[in-house]
Protein chains: 2
Amino acid sequence: MARKKEFDPEERMEKARDLFWEKGYNATSMEDLVQTMGLNRGSIYDTYGDKHSLYLQCLGNYAAEKLKEHKEAASGTSPMERVENMIRSAVEATVNTGKCCMAVNSTFELAAVDQSVHSIIKNNWKDIVDFFEQLLTDAKAQGEISADKDPKLLAEFIAANFTGLWQTFILSRDKKQVEKLAQFLIDMVKN
Amino acid sequence: MARKKEFDPEERMEKARDLFWEKGYNATSMEDLVQTMGLNRGSIYDTYGDKHSLYLQCLGNYAAEKLKEHKEAASGTSPMERVENMIRSAVEATVNTGKCCMAVNSTFELAAVDQSVHSIIKNNWKDIVDFFEQLLTDAKAQGEISADKDPKLLAEFIAANFTGLWQTFILSRDKKQVEKLAQFLIDMVKN
DNA sequence: TACCATCTTGAACGATTGTTCTAAAATTAT
DNA sequence: ATAATTTTAGAACAATCGTTCAAGATGGTA
């Protein structure tokens, strides 16, 4: 019938995602995207729609991948150990790549004024908190955390602390300090 | 000698600051600033320099005012009570105005790529952490927190949690939830 | 009163923004 | 090989970007 695309849409989208991730939405121009994705303007519009639509796809892709990474990081023999590993591996990923969470960047740049962005991030946030809550409920049942703790509140607290860790990293650029803070969080949660 | 300015530079700068605060740096255009500040383009450039320079002045103004507000909020008879009031009044200000911390917005939009912005925010952050540390050192001396706690680490932890509270507020827009989370933080710190 | 440094005004600058369009190249089913 | 159809390349769009500039208005000083 007709020609096939010369490129892999998913692969090129990830290039766009990494650029948005690094520069933010507003600071990334269409020309930047053309250069980085290695695609013609027309091909981008034809495949992904306009800039905003492309961004939403990138953010959605990021959110899904991040959730998967969190779950993969939740290895361990006990619930609390799994929680610890999730925290440690998130910190590890940040200090190794030097990049913070794209969803958090996006929260502070756009979520307050962009309903679509807000919705994507909020749902992703909820997924992560829910996952923590499940683990903490298990931890409570096994006596790893004290009986008077509220798993849901604790889950929200841990998730909120991720953002604090990222901000600390941006300002300090100090691997040790972020790791120390993460360990402190773990100690606090375990009591 | 010559004409005097028809406007109060400080007052108009605060209008610019509020606009940057609301929309972020990149999403705010010079035309937006002209409208909001009620000044001619020429007057803006003549008084504040270019857009980036104006932004830095706005951010510096915000940081100084925020630090002052934090210190003013630190009322109470005991050190720990003062810490609690600082946390509560920060939360109060956020849920009442509906606006998060401009410095935190700026951290995630610019600090990773803009050295001047990074420097302003990092210094302001240090001032706030130092202030917390002093109070927590006093609290420790008076036995309000246990002797095995590290005031500096605890101060960094509290400051980092502010950012988490702001993100939670942006995503949930739920006053109650943010207040609950703040109370949880206070409980954690006090043990 | 006359001067003149400074402020205000608004038009205008070139560059860049996001987006669209046309025409040529490429692919595949017939 | 032909026809059908899509992808490409890149020119071009109007709009907006941040910034500059020249000319008129102002008011304190001599």
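Quick caveat: nothing in here was measured; it's all calculated off a predicted structure. Below, chain A is the first sequence line, B the second, and so on; all start at residue 1.
Set against D/dT20, C/dC7, D/dT7, the side chain of B/Asp46 has C/dC7 as its closest nucleotide.
One interatomic measurement links the two molecules: CG of A/Leu39 to C1' of D/dT7, which rounds to 11 Å at whole-angstrom precision. The interatomic distance linking A/Phe7 (CZ) with C/dA26 (P) rounds to 17 Å, in whole Å. Remark: P of C/dG18 and CE of A/Met37 are 14 Å apart, rounded to the nearest angstrom. The interatomic distance linking A/Tyr45 (OH) with D/dA9 (C1') rounds to 16 Å, in whole Å. Atom-to-atom, CD of A/Glu31 to C1' of C/dT19 comes out at 13 Å; the value is rounded to the nearest Å.
Annotation: proximity of residues 14-22 of chain B to DNA chain C (heavy atom, distance under 4.0 Å) is found for no residue. For the contact set between residues 23-30 of chain B and DNA chain D, defined by any heavy atom under 4.0 Å, the members are B/Thr28, B/Ser29, B/Met30. Within residues 49-58 of chain A, the residues that have a heavy atom under 4.0 Å from DNA chain C are, in order of number, A/Asp50, A/Lys51.
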May I have the list of side-chain donor-acceptor pairs in residues 175-182 of chain A shorter than 3.5 Å, sequence neighbours left out?
{"unit_1": "A/Gln177", "atom_1": "NE2", "unit_2": "B/Glu156", "atom_2": "OE1", "d": "3.4"}
{"unit_1": "A/Gln177", "atom_1": "NE2", "unit_2": "B/Glu156", "atom_2": "OE2", "d": "3.1"}

Give every donor-acceptor pair under 3.5 Å between a side-chain atom in residues 95-104 of chain B and any protein atom, sequence neighbours left out.
{"unit_1": "B/Asn96", "atom_1": "ND2", "unit_2": "B/Glu92", "atom_2": "O", "d": "3.3"}
{"unit_1": "B/Thr97", "atom_1": "OG1", "unit_2": "B/Ala93", "atom_2": "O", "d": "2.7"}
{"unit_1": "B/Thr97", "atom_1": "OG1", "unit_2": "B/Lys99", "atom_2": "N", "d": "3.1"}

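In this structure, the side chain to side chain contact (heavy atoms under 4.5 Å, CB included) partners of A/Asn26, at least two apart in sequence or on a different chain, are A/Glu109, A/Leu110, B/Asn26, B/Ala27.
Note on residues 54-70 of chain A: pairs passing salt bridge (Lys or Arg N to Asp or Glu O under 4.0 Å), not counting sequence neighbours, are A/Arg17-A/Glu65. Sorted by first and then second residue, the ring-ring contact (aromatic ring centres under 6.0 Å, His included) pairs with a member in residues 116-155 of chain A read A/Phe132-A/Phe162; sequence neighbours excluded. Judged as a ring-ring contact (aromatic ring centres under 6.0 Å, His included), the pairs with a partner in residues 167-191 of chain A (not counting sequence neighbours) are, in order, A/Phe184-B/Phe157. Applying the salt bridge (Lys or Arg N to Asp or Glu O under 4.0 Å) test to every pair with at least one member in residues 130-140 of chain B, sequence neighbours left out, gives these pairs: B/Lys126-B/Asp130.
Taken to the nearest 0.5 Å, the CG atom of A/Leu39 stands 7.0 Å off from the OG1 atom of A/Thr47. Atoms NZ and OG1, from B/Lys23 and B/Thr36 in turn, are 8.0 Å apart once rounded to the nearest 0.5 Å. Atom CG of A/Leu185 and atom CD of A/Glu84 lie 10.0 Å apart (nearest 0.5 Å).
Using a 3.5 Å distance cut-off with no hydrogens or angles, the side chains of B/Gln142 and B/Ser78 do not pair a donor with an acceptor. A donor-acceptor contact closer than 3.5 angstrom is absent between the side chains of B/Ser43 and B/Asp46. Residues B/Asp127 and B/His70 have side chains that never bring a donor and an acceptor to within less than 3.5 angstrom of each other. Side chain to side chain, B/Asp50 and B/Ser53 fail the donor-acceptor criterion of an N or O pair below 3.5 Å.
Comparing the local axis fitted to the first five base pairs of the helix from C/dT1-D/dA30 to C/dT30-D/dA1 with the one fitted to its last five gives a bend of 10°, rounded to 10°.
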What's touching nucleotides 10-12 of chain C from the protein side, N or O pairs under 3.5 Å?
{"unit_1": "C/dG10", "atom_1": "N7", "unit_2": "B/Asn40", "atom_2": "OD1", "d": "3.1"}
{"unit_1": "C/dG10", "atom_1": "N7", "unit_2": "B/Asn40", "atom_2": "ND2", "d": "2.7"}

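An OP1 or OP2 oxygen of C/dC7 is reached within less than 4.0 angstrom by no side-chain nitrogen or oxygen of B/Ser43.
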Could you walk me through whether A/Met30 and A/Ile44 pass the side-chain contact (heavy atoms from CB on, under 4.5 Å) check? CA-CA 9 Å; A/Met30 221 51 203; A/Ile44 297 177; 3.8 Å; yes

